[in-house]
Protein chains: 2
Amino acid sequence: MSTVAHYDQAFLDGDKQATLLVRNIGQLCTLDSGDNLGPRRKDEMTQLGIFEDAALVVSGDEIAATGPEVELMARLFPDGPPVALQVVDAGGKAVIPGFVDPHTHTVFGKTRQDEYERRLRGETYLEISAAGGGIHSSVRDLRERSETELVELATVRLREMLALGTTTVEIKSGYGLTLEDELKMLRAAKTAAEEVGLRSVRTCLAAHEIPHEYKDRRRDYVNLVTDEILVRVKAEGLAQRCDVFCEPTVFDLEETLIILSRARDLGLGLTVHADELVPFGGALLAARMGADSADHLIKIDEKGRRALAASNTIAVMLPGTVFSLGLKAYAPGRDMIDQGCALALASDFNPGSCPINSMPLVMAIACTQMRLLPSEGLVASTLNAAWALGLSAEVGSLVPGKKADFLILDGDDYRLIPYRAGHNPVESVFLGGLRI
Amino acid sequence: MSTVAHYDQAFLDGDKQATLLVRNIGQLCTLDSGDNLGPRRKDEMTQLGIFEDAALVVSGDEIAATGPEVELMARLFPDGPPVALQVVDAGGKAVIPGFVDPHTHTVFGKTRQDEYERRLRGETYLEISAAGGGIHSSVRDLRERSETELVELATVRLREMLALGTTTVEIKSGYGLTLEDELKMLRAAKTAAEEVGLRSVRTCLAAHEIPHEYKDRRRDYVNLVTDEILVRVKAEGLAQRCDVFCEPTVFDLEETLIILSRARDLGLGLTVHADELVPFGGALLAARMGADSADHLIKIDEKGRRALAASNTIAVMLPGTVFSLGLKAYAPGRDMIDQGCALALASDFNPGSCPINSMPLVMAIACTQMRLLPSEGLVASTLNAAWALGLSAEVGSLVPGKKADFLILDGDDYRLIPYRAGHNPVESVFLGGLRI
């Protein structure tokens, strides 16, 4: 437990004014370790920078101070808070940073519960795909929908995610697979996130699958991605990053390298769907290219783990997908933390393999099924997830100067989040200092 | 899909008046099969008695009619619904029976997230127990609390369960383990359920554990249960049923038989915590005694399965517990349905092994981890669960004459319930015809 309050120097100097005081916080998990030099690894993942009986001061949309309430009040408001200051009483509950969900496919058309049922009946992915299901069904469906429709659908989903505590979200394209449909998808993601007020990072995943019309000329599709889609996406500022589904049955290592190299040249961040179905070297490639993250990693091999541990590429795990598919083998999260990998969690929210958009449930699955501690689950869902998105200077922890994105929980202990799986632990969401 | 509407004859005869009309139901899952002779087994568990473009008519607190909206309106309200009739537009969404949760320990004091974390650190139950944890910690805690405090805590939890769609709940004692504390617990359960308006069945589980003070004189505790606790519980009408934790390390088969026989003589219904940790014959005993249900069943053997399949004793499975404990082996739900057992699902909500009180999440776990179909999960969470509580004549399906306990979902397909794990699928809850 920390006892010395943290202040924004500009605030102490009087250059910034307090606009919000949250007091009577039973447990304030700042995740502030004093230094913020890199993503959290090993034991650092259990250090939550907790203040008890705490308060938090906001200036505008930023954190101005955090610490024990008695100390903060004595230093900042010795005569009591100014009448004009907005004061929120947290009622002794816990306060944590808003969740950062660094891997989602939130823009899609129809849900696919029919396939979910078929899988439970024992049908294989190939059978489901042959019957018109799988990712290509989402592609067909998305191409037929207007941008307005996609915005409306995504807006509803993002509001649900916000109510469950997600304040920053990554959203991928990848159900368009034509220039115009990929652009449409990314514009819809941008509009919907702005509409809801969520912070968003958008990722071009035109390399999600080879579209049917290119199945006999794969190289032409890779060229379309590198020479047209990524160029336009960058030119129009529609995405900050590029992703590739790197698997033997989708894009091989050479194709992945070609696409990501082009993205890097264009100044896009990099991430990879890696080593999900077979150990294939995707994580190793991601680490070597200095990608933001390597995601999935169910089948990652020892070489891949060591490469991630030695790099700043975040290992993003998606245990909701394994749960939703009813698989038994989760990514080796426990071992990889112990090996020194910087782990983050994400929902992978999508209509096929993971319809879960609740970060609290993802934390619960990570704890019970991958043996993460609740503290590790929280760091993986906030600060390390912010690192995975290149946003660690802005969000993911309650450090003076960062954005005032935080949650008041309905309990007095962050451990209640995974413990109470299926329950929404969020009482109030604050985004940039404003209560939603 | 059904096409012929179902009516309460007394309603058609004009002896009952319509008080509520729910129209524009996209998918009405009545679970009404025309007959209602026994719990659902095998293929019957997939038959949901679905009407599309449907309506539902309520008279007082009971269902009066269900069927296609066009047919119902033409027959009942050829000139349009009377002005005085309350009309709810379901907006094309799905309507299902309220969930029946037939196994919970909702009355307890403190939560035990500290143990949850210890387990994740690799501590064994014995180590946790030696450090003051486990069931005895809930016993110590409960004994120290007033009835009023317990009512307040349980009321909050029951309201959460209601918001997640549970309209009938079973609540066990079992953290008192003295005459007065068991009575206190059951009174608290009764008061809290009445306060929230939930239907409740209460079960005396004084045989949950041998209390520390009896550890060297087990037989004296069994006598206390049979000669005092059950007698008083029955005399004061505090519980309808008796439960025993039948395991080699808790109550053996002979003790279980003694306690349940006494309960039967007193006119209490019977249920058993059976075959959870080792195959021990608890389910077989339950079936032979004609118990309402045998619960847990993770380690049930072939003999137990056959006995359940040949009886009306419901196999109640608690997959949330397996999930919460991070175990890999679930009860053999898929196989037991195929063998002809009547399966129900329950939350097992308790502060130690399963802090989950969401029946939607329990359905999701049952589908993805035990390979139940969404339809089987729904029958197991409603009609068969009502059978497990001896309430099949009143709740569990939307049959004319039964209580009007139903949910309007926020989607148009019941399969979205397990598909969207972690999401609360309930838009509105109706209990006895009244919107909550």
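Lettering follows sequence order; numbering is per chain, from 1.
Both the backbone and the side chain of A:Ile365 come within less than 4.5 Å of a heavy atom in chain B. Proximity to chain B (any heavy atom under 4.5 Å) is shown, for A:Pro360, by neither the backbone nor the side chain. Only the side chain of B:Leu361 comes within less than 4.5 Å of a heavy atom in chain A; its backbone stays farther off.
Scanning all heavy atoms of the two residues, the minimum distance from A:Phe323 to B:Ala421 falls at CE2-CB, 4.2 Å. Summarising the geometry of A:Leu372 relative to B:Leu120, their closest heavy-atom pair is O-CD1, 3.4 Å, with the distance given to 0.1 Å.
Ranked by heavy-atom pairs under 4.5 Å with chain A, the list B:Pro355, B:Gly326, B:Gly422 is led by B:Pro355. By number of non-hydrogen pairs under 4.5 angstrom with chain B, the leading residue of A:Pro351, A:Ala163, A:Gly122 is A:Pro351.
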Under 3.5 Å, which donor-acceptor pairs link chain B and chain A? Put them in a table for me, please.
{"unit_1": "B:Arg112", "atom_1": "N", "unit_2": "A:Tyr419", "atom_2": "OH", "d": "2.8"}
{"unit_1": "B:Gln113", "atom_1": "NE2", "unit_2": "A:Asp413", "atom_2": "OD2", "d": "2.9"}
{"unit_1": "B:Tyr116", "atom_1": "OH", "unit_2": "A:Pro418", "atom_2": "O", "d": "3.4"}
{"unit_1": "B:Glu117", "atom_1": "OE1", "unit_2": "A:Arg415", "atom_2": "NH1", "d": "2.6"}
{"unit_1": "B:Glu160", "atom_1": "OE1", "unit_2": "A:Arg420", "atom_2": "NH2", "d": "2.5"}
{"unit_1": "B:Glu160", "atom_1": "OE2", "unit_2": "A:Arg420", "atom_2": "NH1", "d": "3.3"}
{"unit_1": "B:Phe323", "atom_1": "O", "unit_2": "A:Gln369", "atom_2": "NE2", "d": "3.2"}
{"unit_1": "B:Pro351", "atom_1": "O", "unit_2": "A:Tyr419", "atom_2": "OH", "d": "2.5"}
{"unit_1": "B:Gln369", "atom_1": "NE2", "unit_2": "A:Phe323", "atom_2": "O", "d": "3.2"}
{"unit_1": "B:Asp413", "atom_1": "OD2", "unit_2": "A:Gln113", "atom_2": "NE2", "d": "3.0"}
{"unit_1": "B:Arg415", "atom_1": "NH1", "unit_2": "A:Glu117", "atom_2": "OE1", "d": "2.6"}
{"unit_1": "B:Pro418", "atom_1": "O", "unit_2": "A:Tyr116", "atom_2": "OH", "d": "3.4"}
{"unit_1": "B:Tyr419", "atom_1": "OH", "unit_2": "A:Arg112", "atom_2": "N", "d": "2.8"}
{"unit_1": "B:Tyr419", "atom_1": "OH", "unit_2": "A:Pro351", "atom_2": "O", "d": "2.6"}
{"unit_1": "B:Arg420", "atom_1": "NH1", "unit_2": "A:Glu160", "atom_2": "OE2", "d": "3.3"}
{"unit_1": "B:Arg420", "atom_1": "NH2", "unit_2": "A:Glu160", "atom_2": "OE1", "d": "2.5"}

